[in-house]
Structure formats: structure tokens, C-alpha cells
Protein chains: 4
Amino acid sequence: MSGNTIGELFRLSTFGESHGPAIGGTIDGCPPGIKLSEADIQPYLDKRRPGQSKFTTQRSEPDQVKILSGVFEGKTTGTPIGLLIENTDQRSKDYGDIKDKFRPGHADFTYNEKYGARDYRGGGRSSARETAVRVAAGAVARRVLEDKISKRVKIRGALVQMGPIDIDPRRWVWTQINKNPFFCPDAKTVPLWEELLNKIRKTGSSTGGIVEVQATGIPAGLGEPVFDRLDADIAKSLMSIPAVKGVEIGAGFSAAWLTGEENADEIRAGQNGPTPANHSGFPRGGLRPEFQSNNAGGTLGGISSGQDIIARMAVKPTSSILTPRQTITTKGKNAEIITKGRHDPCVGIRAVPVAEAMLALTLADHFLRFKAQCGS
Amino acid sequence: MSGNTIGELFRLSTFGESHGPAIGGTIDGCPPGIKLSEADIQPYLDKRRPGQSKFTTQRSEPDQVKILSGVFEGKTTGTPIGLLIENTDQRSKDYGDIKDKFRPGHADFTYNEKYGARDYRGGGRSSARETAVRVAAGAVARRVLEDKISKRVKIRGALVQMGPIDIDPRRWVWTQINKNPFFCPDAKTVPLWEELLNKIRKTGSSTGGIVEVQATGIPAGLGEPVFDRLDADIAKSLMSIPAVKGVEIGAGFSAAWLTGEENADEIRAGQNGPTPANHSGFPRGGLRPEFQSNNAGGTLGGISSGQDIIARMAVKPTSSILTPRQTITTKGKNAEIITKGRHDPCVGIRAVPVAEAMLALTLADHFLRFKAQCGS
Amino acid sequence: MSGNTIGELFRLSTFGESHGPAIGGTIDGCPPGIKLSEADIQPYLDKRRPGQSKFTTQRSEPDQVKILSGVFEGKTTGTPIGLLIENTDQRSKDYGDIKDKFRPGHADFTYNEKYGARDYRGGGRSSARETAVRVAAGAVARRVLEDKISKRVKIRGALVQMGPIDIDPRRWVWTQINKNPFFCPDAKTVPLWEELLNKIRKTGSSTGGIVEVQATGIPAGLGEPVFDRLDADIAKSLMSIPAVKGVEIGAGFSAAWLTGEENADEIRAGQNGPTPANHSGFPRGGLRPEFQSNNAGGTLGGISSGQDIIARMAVKPTSSILTPRQTITTKGKNAEIITKGRHDPCVGIRAVPVAEAMLALTLADHFLRFKAQCGS
Amino acid sequence: MSGNTIGELFRLSTFGESHGPAIGGTIDGCPPGIKLSEADIQPYLDKRRPGQSKFTTQRSEPDQVKILSGVFEGKTTGTPIGLLIENTDQRSKDYGDIKDKFRPGHADFTYNEKYGARDYRGGGRSSARETAVRVAAGAVARRVLEDKISKRVKIRGALVQMGPIDIDPRRWVWTQINKNPFFCPDAKTVPLWEELLNKIRKTGSSTGGIVEVQATGIPAGLGEPVFDRLDADIAKSLMSIPAVKGVEIGAGFSAAWLTGEENADEIRAGQNGPTPANHSGFPRGGLRPEFQSNNAGGTLGGISSGQDIIARMAVKPTSSILTPRQTITTKGKNAEIITKGRHDPCVGIRAVPVAEAMLALTLADHFLRFKAQCGS
């Protein structure tokens, strides 16, 4: 395969370029009998949609998703779910500079080397526009988790650092994230980021950020060691998002500083007794222990432990900036380039709903993989 | 599949438990006609082998690899390469405590929940012993890269941080790494780590660490966006190593702090003219630009750029420590556990050859994937 | 995965139901730089299109294919090729009988058992309408084979038996097949079939048939033993076409009657000397032997031999007939059913272009697999 | 991948050559908690074992299987099951003729063209010796079906035609098949085959045959349309057996002769009421209809119907015969070859247990695939 598919059993394949007629994808493996309509998907697309505040790109796309197949009388049928999103704002413009020069930090040079040519319009396939399909598919994955595991399953994300300014996790309030244009869970950090981003935006610069995603309500038992560990597949799914340069689970890189005593998540017998099995046979062991900490981030040996799944990813600053940068032309001559156009000063913001979607897709896939081998 | 296979075209499947008769694996997809014998593999196994210094576990395993198939008259035939390593030091002992209690930080609880039971002897399948097969297969992957790309391809790793003490990258000397028991590239850091680890070892504690791996000589064009990006597959392959909690590429998490101007790896025309194509048709474009920095870590848009591939991974402290920790029994009762036995005080050390192997496997796989779609 | 994808490296995924808004699919893995437009695809769709003679179903569908992605400036880019065909003739009608009863020979009962419900409109996903996407993708596969192997590659099919009447292979003339509505290569058989089918059509009955497909110009070396043998993958791809009940290669079932002496395809040195290698490195050995017969059907040990690939498939009679048949309702009660509507009296006819497409897809996939492991 | 793996969720990978130290394989995806030991596997290997009568090859191999992993305390653990069979009768001999000439009908020429060289000892990887591993894995697949579906699941095969002599299906008695050296279900045919084979054996010739396999007790719902249909995967799995040239399901090729009325398997309400669901949630619909015939061979639309699964395959005559045949040398010169050595005069006989194994593997795989998407 050529890399445009993710998941083994809950499987998303995407297609489409930034300035083609449409982008879309297919979900194969969705269980039958789950209520689904465009209305379940659109709110997540709206979260990712560009042009919603001055802090994101001004490209104007309605991002209306159409379900072309796999749903009948309001429920999934078990056959492939075809998803289509038309491109409407393919602003006609002169692509001259992008066409003949490689933008530093972009995929222009590498696509050219790999394929011998490239669709240079708006980055073509390498454009983050493609992530809209991931967000749509992530909404379907959520429906699977809610329907097949529990309505209590929640997958949420937040921006926890922008440039040098991070949030104070003790002030984390989930309901805050939709009250500001940054998906920031800490109300006191919002004005600081606003000031920072205004400054960056005015100079035509950009900044990096860190996104955290969490999944709650996931039972123990998901993950396929030794290679398709849950943490390994989460790492891949997050690192596959454009501009992501690092991924960590639980204590992550700070685990390097810890001793074994500090790192151990001790276990106590739960007060609530054995977990009732749901209709998928979860959990097998029936234990519901209380972990005293969560340095593991919800996985042990690559298998979910029943604790919250916690992962973070680092997003680099947008490579499109107004300061001229040195580069070469497609003929190999030295040149300079300024990347005009519509850009996000901090792509970490719009990466939040994408990260949530990738986590949802990974969990839905591993849920079906659990069922296949270990389900009752 | 159930997760014991990695790679699409250069594909490793492994089997085996810590205390079973043998561990092993199969490589499918190796190109034919490549010189290969056990002597190409054994040196890498010897690097990972336990019991070589007082700083690693005292389990004594010769780790002699046997090639069972796929090689004829000293060359690969293109058929599957069967690899076998017998377990010899399955020390007979009382497994009582591990059998009936879940060790915090280990996979005991999650294997039990997932599979309903587990091979508790030495951790069974979740033991890091399984990584010996990865190292053996990684040696074969190196032969592919050397034979099919260039003898200049090098894949090397080092421990760059142990607990709170990191190396000074300005003192990095590759020839140092085999002169100390830590794979440390900075001679001045060695005595500091020696002191730290002696202290930790005596108290029965453990510490985390950070490993860096690099690949040089890799041409532009490897990687399959949008999901099987080279960086995404490296992230998965490193995160699939036991005890790894974070992975980053190039500037990694520090990219969050950067501005677009700082992060951009500017490009200048190379002095050496177009790269000569090798017998696999590399590179297509024929450009050999000189990047002015490598914040990208050698990948742009998920495709290799021809720069060095640079990745780091965080390894948590060994969970087996002598201090008693709170846990529960398999019946759900509160208990305490001390993990006696043979352990590495810093598993990050022996993770270095494993990380190299995973990088080699990932690159060999993507090289074949390049050839399939884009090769001449 | 859930079965809606075929091919490993040249990979087709399809979606869509008979009476949904559209059917479509994605091709992933197509090499870049190949000339491609809708005009390369449409002629093959037109061959399969219903309603072209009185001998095929009267459903009227223009079957206009749109390429949504993966082609830029008239050439493939190496990114996924999205294909879309809108459904236009979803005749509004009362589905009552199909909704509540299982049609014998159709997939109604099994879809219901598997998925717990089904899209009963026109058979939903189980409708042969889905094969239009296969035909479109097959046209792209042909372009790959022509561009990457040779313009001499030809993939052609014919109906060789209808009900009890088979053709005389000694009268086989390829140019005949487009001169009659049956894809019949033997002009003298055409009036016999016409008479047969008129009789069948008038009584509302149906008949089976046998289709033969051939590929010429395929070099030696394609096929991946021991499981993904070329013949095994051809068998699967043909058997995956609706209504197919048997597949054979070369001498096929008649090989059971032969002795080893009769069956052996003897080999003589070719008069034309070694084959010149093409730009994909074909062939490796450089031999171009002359086989004295082709009982093997072009594969030995699951690998192409350079001879013509020859396969046949048996197509059962259409299950939709006007004679009432006994069945049960979805509630399990006895009932009778007559399948009114638009049907093909001999689905074997329109199966010809579908069989060609499946052979083309299989060969393109194995060509890329050859390149990955064994290409120069 | 390079073709040495079959199955998506119950997945077998094999390795090994005819004259290497060992052959073996790995099963990944086996559900945990199933009783399994070598004693469950050995009887099936013994059925396939060479040298048991004068009608099969005189190679003497004990074919003792060792389980290297994945079983603990007598039960599967859910981790990969490593299987190893040592080669013991690698008779030292002069391979000169096979080394330098291509045997007609064998894979010598095509392996050479594909890989540029080959392990010529006994056919190397292309030897049917590899099928011993399939038989071992098939025994594990049977255990899964028995444990997870029902002890009533039976997978059985028989030789139904040898050369020109076929059995009379009305005299079919299953208990006969182990009472003669041909797996013949019709006692009256046994002496005819004995006479035929004695004659063939004495002249150093060989003959083809037809094998039929049946699976009973398989519930409705297995199979993944549109490509991974149950019938398509059975066709592939049988066609992947060496020497097989054709595969058919149910009425098979004879369906071409039928009318729709003759072919329709009519349905009546079952007398036994709804089927009780087993612990895997089978069947969903709860219906247990009584089909009035089985032209479909147990699948409708690529999904099992609950009827017996019935498939047949045609096996060509052994290509190794004592009559000299024309061929060429590896240098392309004309030559003659006589294939001395140890051969089966009718490989169809020993293909029976292999065909059973392939059917068992395919069904176990589709059972897990059902569970993943559609299980309760």
C-alpha cells in the first residue's frame, strides 16, 4: 500500500488534494446497526474549519460532509462508508513561486524527489486540508466507541502550550476549551496567548505548540503487542498529522528523569468491586483497580489499563512566514522565497480536533481488534 | 493480525516467550542476492546481550542466532528468512509472587485483562527478551540498505541522557560509544553515569534515560504520506520498544518553542552537483541541496529529504525495583510486592541496539516501498 | 479490514450501494508520471454498461466516471486516485417483496444474518452494480502495465460458453468479440446464442456461462509464492465477481484427466535470443524460451513464465427469474417470490469486462510487488 | 509482503526449504484459552506424511512438530504460536541435473527468472514439503472452530477423481476415507484406482485428480464482500496449493449449463425453530432455514449461509516423470531431462489433508473477522 490508509479493522482511506474538486475517504469495517448521519459528523468538522477567528487561516470552506454509502435508514449497514467534502475556495491565483521553488519546511522538495513531479497548488496532497477527512472519520469512530463500549467514552483535546507559554494544569477546566479560540483549558492563559499570537500574526511569523489529548472510559485490554501496541499506534497516528515533531504518552520524556520508585503507578483494590461486563464482553478479568498515579498514560505493555489514555504531541511553527527565506529552485539554483497567502500563525490550534480524531480512530480500531481475538 | 508483525514489504514477524524453549522470527520480502550469514547478525546481538557489565541484567544468554531458511550458498534467495534463538538460562525458580500479584509498571495486569490469563514466567511475551529477535532482523535490514542503497548507509545510536544527567552534544564522538558500557558518545559524561548507576544499583532502584538514533546516507524520497509517513513509522517502531514513553524527530518537542523563522531549515544549492543515480534509481530529481540546519530531523511532509534522519526516545526507569510497592493480587486483594531477580538498573542502555534495529527495519521497509511505486 | 479492498501495492477500495447517491473507489499505489484521464477509463465502462442490447438489463445508467484526485496536468501524481460514478436510475418503486422475503440465490439472507439488517434496495452492496468501479480501476491498471512493462501488454476476455453451447476454439478471432452483443470470439456461435437467449429471455428464465480471459505480453517473474501465487490471486479476483462459481488456469479441471507426459509443457531455446530488459529490469534471467504448449496457463509455481496467462471462470445463471420460487420471509415464514424488475438473462456477458478488469488489477499489483523485492 | 502469509486475523506465516535444516511457521491471532498440544496437531501431519504406502513418495520424514511458543499450561495464550518441523531426510545426492536444467512443469525456470537464482535442492521453497506447515496450522484452526463455534464443526476431504476414473457420489461413505491409501470415500472405486496407479507407477508416469473438501457446522454470516468473499478466499487458499489448476464451489463449472430455475436453492422454514445463539453471538438473525438443494456450495453473495461448504480442486499430474522431456539449461541451451528421485504418482492423494487444512485456516480467519465487525 502507499500510505493513505490507517487502521487494520476500523480502516480509513483518504484521497484528495488541496485544490482538486473534492477530498474524501472511505471507512471500512464499521460495525452495523449504529445510528449515524451527517449531523453526527458536522460539529467536529466545524471545530476544525478554517476562518473562524482571526487566529486561523482565512481560507473559507464550508466543509460540508456527504455520506455516500454505508448508512441505510439512519443506521450503519456494515458496508463501506463513503465520505465526500467538496473544495469550494480554490482561489484562482498565480502559483508561480511555489511552482518553481521549494518552500523550506514544506514538503515541496521531498514530493518532487519522490514522485518526480507534484501538484503544487496549495501543497496538493501534502496540504493539511486532507485532515478534514480524518476529522469526519474520527466522528464516526466516536459513535462506534459510544455505541459499543459506553456512552461514557470521551475523547477530548486541548492546546497546552503555545510558543514559550504553557498552561497551568492545576487550572485545567474542560468546559473552558470551547470558550476561547485556542482550545485552551486554562482561562488565565487565554489573554497571554492572545497577546502572543497578535504579535506573531502582525509580523507574519508563526509559533509552535503542544497539544494534549485524553480518552476516558476506555476499558482495559486494548492494544496488540509486541508491535501494534496501543501506545505505538497512538504515536504513529499523532505523528502522521502534518507538522507534528514529537509524541509522548503519560509521563513521556520526563520519565527519563524519574527513578523506578517515582515512576511506579501503585495499585489498590477498587472500592467499586468488579466491573460489570458490557455487551462486548469487557472486561475479561473483571477487576477495576485504583491506580494511585498515571505516569503510564493508560497503557502497560502496550495494552490499555482502564486508566485515562493521555498523550501529547509537539507541533512545529507553520513554515509559511512572510520573512524571506533562502531556498533553491526546481532547477537547483539559489533563490529566496516569501510564502504569501492564507496561513495559521499557530497550526497547533487547529491540530486539536485532528489529534482527537486520530485518537478516536486508533481506539475504535483496537476495540475491533480486541473483539476479534479476545471478545467473548 | 494480532500485532506481532512490523513492516509492509520488509516484514518481520516474531514469536516466543521469555522462558519458552526459543524465541524467533521470520523476515519476509528480503531482496534476493544479498550476502548474508549468521556472522552478519551475531555482532549486533552481542551488543544487546545481557550480562556484559555489572550495569545490565545478570541473566546469561549466549543469544546464538540460527538462520533456518532463505539463504543459499551465502546469499539471500528472496524466500522467508527464518531466525531462531534458543533460550538457555530459564533459571528454575519460584514464580509465586509474579504469578499471583500484578507488578506495578509491568504488563502483568493488562495481559491478564486482555487474554484472561498469562505466561507469568519472566513476563512471558511481554519480556524485553523478545527484542533480541528485532536486533537480529535489524542486522539483516542493514545488509539490505548497504547492498541496495550504498555502503555509506550507517545507522547508529547512543544514550544521551541517564536520569538527570545529559551529555554535551558538542563533545559527541561516535567512536566513543563502544568504549564504555553505556553507549555514551561523550567521554566526559561516562564517569558521571558510572557514579549515578552504581548508586542506583546498590539501592535496588532504577533510572530512566534518552536514546538518540541517527541514519546517514539515506537518499531523499522514502516515506508514504499521508499516514505511513517516514516519521510516523519511525515513531511507531521506537514506541513499540518496551519501556519507551516518548519519541521525537529532529527538533522534536523543542519545536514548540520556536518561531517559523528559527525553525525553517533553509536550503542552498549543493556544491557537488546532481547526485548520481544508484542502481535503484535514486534519487529521481537528482538534486543534492545543502540544508543549512536540520530541525526537521531528515523528513519533510513524511518523506526523507536526504539529510540525516535523527530521532530520540525516552525510556522509563525499569519497573522492577527492590523497594516494596503497593499492588493487588489476581483475586483483587491489596498486597505488596518486591521484584527480586535479574534486572537492568537503566534499561535505556540495552535499548540502544534495539532502537538502531527498529530504525534499520523501518528504513529497509520504506526503501522497498519506494521501489515498488516510484523506482525506475 | 472488511473485504472492500483488493491488492497489496496497487490497491483498490470500493464503496457504494446500488441505489445510493453514488458508487466509487480509490486506487492507492499507482506509480507517478503515467498519462491518465477520464477518456482512458470511459470506453471500458461503456463495454460493461447496462441497457446496450436487449440481452442485458434495461437499467439505464450513463456510468460517467469522474477522477477526483491523484492526476495533475494529465499525469498521475502517485497520490490516491479517487473515482466517482453517480447513480442516476434509482427507479422509485415498491421494494416490498425484496424487503420482506429472501430471494433464493441472492445474498439477501446472508447479508441479513451477517449484519442484522440490509439495504434491500436493488440488492444494496451485493448488487453487481459495484463492479462498475472495478472496471474503471481496471482501466487504470491497464495504463500502468502498458506504461511500465510494454505497450504490447493486452488483457482481453470472451464468453466461451453460454448454457450448453460452447464455442469452437479453433474459430477464435479476437476482432469478432466487439462485433456481437455477447463478446463471442467465434462468429458461427453467435446466431446459436442469439436463438438460445431469445428463448430464455421470453420465458423470464436465465442461463449460466463461461468466460475466458487472457493476458499477453506479461514477462516472467510475477507472483509471490507460497500463498500469494499469481494463479491464487487470479483465482481470488475472479471468484470475487458476483455469480462466479469456479475458476481455472490453463488446462484447469481437465488436468485431472492428464498424465504427466501429456501435461508437461516442454521447453525449447527461443530463436529470438535473450529478451532485452525493459526499464523495470525485466526480465532478470534474460531467457526467452519457447514453450511447446501451455497447459500451465502461464504460471509455474505461482510465478508467471512469460507465456500467455489464461484463466476461465464459470458464471451461474441469474437468480432473478420470473418463475415463482419457494422461500421464507424475514420472520421465518414460508412464502413464494417472483423476482420482477430489470435483469440480465445471462450475466456471463457483462461479466466479461469485469473479468478483464480483475485480471488487470491483479497483474498491476503483482508487477509492483515484483519491483519492490526483485526490481533492479 | 512477499506472499508467505495467509489470513488477516488468524494468520499463518511459513518459512523453510525442502532441504534446509527445518521448515516452520507462526500463527498470529489465535484466541487465548484454547486447549492445544502437539498431540492435537500430529495426527493431521501423519495423514500427509510421505512414505506411508507404495502410492506416495518414499522420502522418509517423521514430521514431528514442536510448539515453540504461544501455549502455556496446555492452553493458548493469545501470543504467536511458533511451529517447527525439522527436516531429517535431506538425502545427500547429486543435484547436477536439477541445478543446470529447468524441469518442465516445475517452478525451476520461474524462480530463476524472478529471484535471479534459486535453491535447487529438492525444489527449495517451491517443494510441496512446505505444505506440512500448513497442515500443522490447519489443526490449530480446527481447534479454534471447535472451541469457539461448536464441536460439531467438521472439515473433511476426499479424492473424488483419479485420472479418468471418478467416484460415484451416491456411494459416498465418510468412514471409508481412512480405510484405503487414497482418501477415497467410495469403496467400489478403490480397486480401480489401485490398478490404475500401479500401472502409472511402474511406467514412471503420473496422473491428475480432483479433491473435494466439505465443512459442516459452519453458521451463516462468515465472509467479507465484496473482495474477501468466503468463496473467493477459499478459491485462493486452495489454488495456493502446489499443482492445483482449478477450484470450484457448489455446482461450480456445471452451473454454466444450468437455468435459473434449476440453479435456485429454494428455501423452506426450518422445523427446528430459530437457532440458539452460541457464545460468539452466532447467528444474528436466529433463522435456521432448510435449503432444498446446495448448488451454492454454502455461500451466497460471498457469505456463508449455514449450509455445508463444498469446494473442489483439480490437481495436475506430478511433473516429475521418468520419460525424458525436452527443456533448456540455465544457459539457454536445448537439453533433455529425466526427473529421477522420490515422487508421488498422484499428488492429488496427499493434497487431501492439505486442502482440508487450507479450508480450516480460511474459516478460522473469517470467523475472527466476523467477530471483529459483527460479533455481539
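To find a chain, count down the sequence lines: A is the first, B the second, and so on, and within it residues start at 1.
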Is A:T110 reaching over with its side chain to a backbone N or O of B:L300, donor-acceptor style, under 3.5 angstrom?
yes

If you tally heavy-atom pairs under 4.5 Å against chain A, which of B:A243, B:G348, B:G260, B:A107 wins?
B:G260

Chain B contact via A:Q326 - which portion, at a heavy-atom distance below 4.5 Å:
both

Backbone N or O of A:E261 within a donor-acceptor pair of the B:R325 side chain at under 3.5 Å?
yes

Between B:G204, B:A269, B:A372, which has the largest tally of heavy atom pairs under 4.5 Å with chain A?
B:A269

Side chain, backbone, both or neither: which part of A:R229 has a non-hydrogen atom closer than 4.5 Å to chain B?
side chain

Tell me, for B:L12 versus chain A, whether the close heavy atoms (under 4.5 Å) come from the side chain, the backbone, both or neither.
both

Please state whether the side chain, the backbone, both or neither of A:I165 comes within less than 4.5 Å of a heavy atom of chain B.
neither

Between B:V226 and A:N4 the two heavy atoms that sit nearest each other are N-OD1, 3.4 Å

Which atoms of B:I6 come close to chain A, meaning under 4.5 Å heavy atom to heavy atom: side chain ones, backbone ones, both, or neither?
both

Interchain contact, A:S304 with chain B, by part (heavy-atom threshold 4.5 Å):
backbone

Selection from A:P164, A:G246, A:A232 maximising heavy-atom pairs under 4.5 Å formed with chain B
A:A232

Quick check for you: among A:S320, A:G332, A:S205, which has the greatest number of heavy-atom pairs under 4.5 Å with chain B?
A:S205

Most chain A-contacting option - heavy-atom pairs closer than 4.5 Å, from B:S305, B:A264, B:G123, B:S126:
B:S305

At a heavy-atom distance under 4.5 Å, which candidate from A:G209, A:S240, A:A255, A:G223 has the highest pair count against chain B?
A:S240

Quick one: what part of A:M358 sits under 4.5 Å from any heavy atom of chain B, side chain, backbone, both or neither?
side chain

Given that the side chain runs from C-beta out, which part of A:D265 has a heavy atom under 4.5 Å from chain B: side chain, backbone, both or neither?
backbone

Measure distances from A:N295 to the heavy atoms of chain B and classify the residue's part below 4.5 Å as side chain, backbone, both or neither.
backbone

Within the structure provided, determine whether B:I200 and A:T259 are in side-chain contact (heavy-atom separation under 4.5 Å).
no

Under a 4.5 Å cut-off applied to non-hydrogen side-chain atoms, are A:F227 and B:R134 in contact?
yes

Please confirm whether the backbone N or O of B:A335 pairs with a side-chain atom of A:R268, one donor and one acceptor, at under 3.5 Å?
yes

Below 4.5 Å from any heavy atom of chain B, which atoms of A:R103 appear? Answer side chain, backbone, both or neither.
neither

Using every non-hydrogen atom in the two residues, find where B:S2 and A:Q373 come nearest and quote the distance to one decimal.
OG-OE1, 3.4 Å

Applying the side-chain contact (heavy atoms from CB on, under 4.5 Å) test to B:K245, which of A:V247, A:T299, A:N263, A:L258 qualifies?
A:T299

Whatever's closer than 4.5 Å to a heavy atom in chain B on A:F291 counts as side chain

Pairs of heavy atoms under 4.5 Å with chain B: top-ranked of A:A251, A:A296, A:G250:
A:A296

Does a side chain donor of either B:T327 or A:E266 reach within less than 3.5 Å of an acceptor in the other side chain?
no

Examine whether an atom of A:F253 lies under 4.5 Å from a heavy atom of chain B, and if so say whether it belongs to the side chain, the backbone or both; otherwise answer neither.
both

Residues A:I267 and B:I328: closest non-hydrogen pair is CG2-CG1, 3.9 Å

Are A:M239 and B:D233 side-chain neighbours, meaning at least one heavy-atom pair lies under 4.5 Å?
no

Is any side-chain N of the basic residue among A:K114 and B:E224 closer than 4.0 Å to the acidic one's carboxylate O?
yes

Do you know which of A:M162, A:K236, A:E262 has the most heavy-atom pairs under 4.5 Å to chain B?
A:K236

Relative to chain A, which of B:A314, B:G208, B:P317, B:S237 shows the most heavy atom pairs under 4.5 Å?
B:P317

Heavy-atom pairs under 4.5 Å with chain A - which of B:G105, B:G163, B:P104, B:G301 has more of them than the others?
B:G163

Residue part contacting chain A, namely of B:D231, when any heavy atom lies under 4.5 Å:
both

If you count heavy-atom pairs under 4.5 Å between each of A:P225, A:P345, A:S254, A:P242 and chain B, which one has the most?
A:P225

Tell me, side chain or backbone of B:V315 under 4.5 Å from chain A's heavy atoms, or both, or neither?
backbone

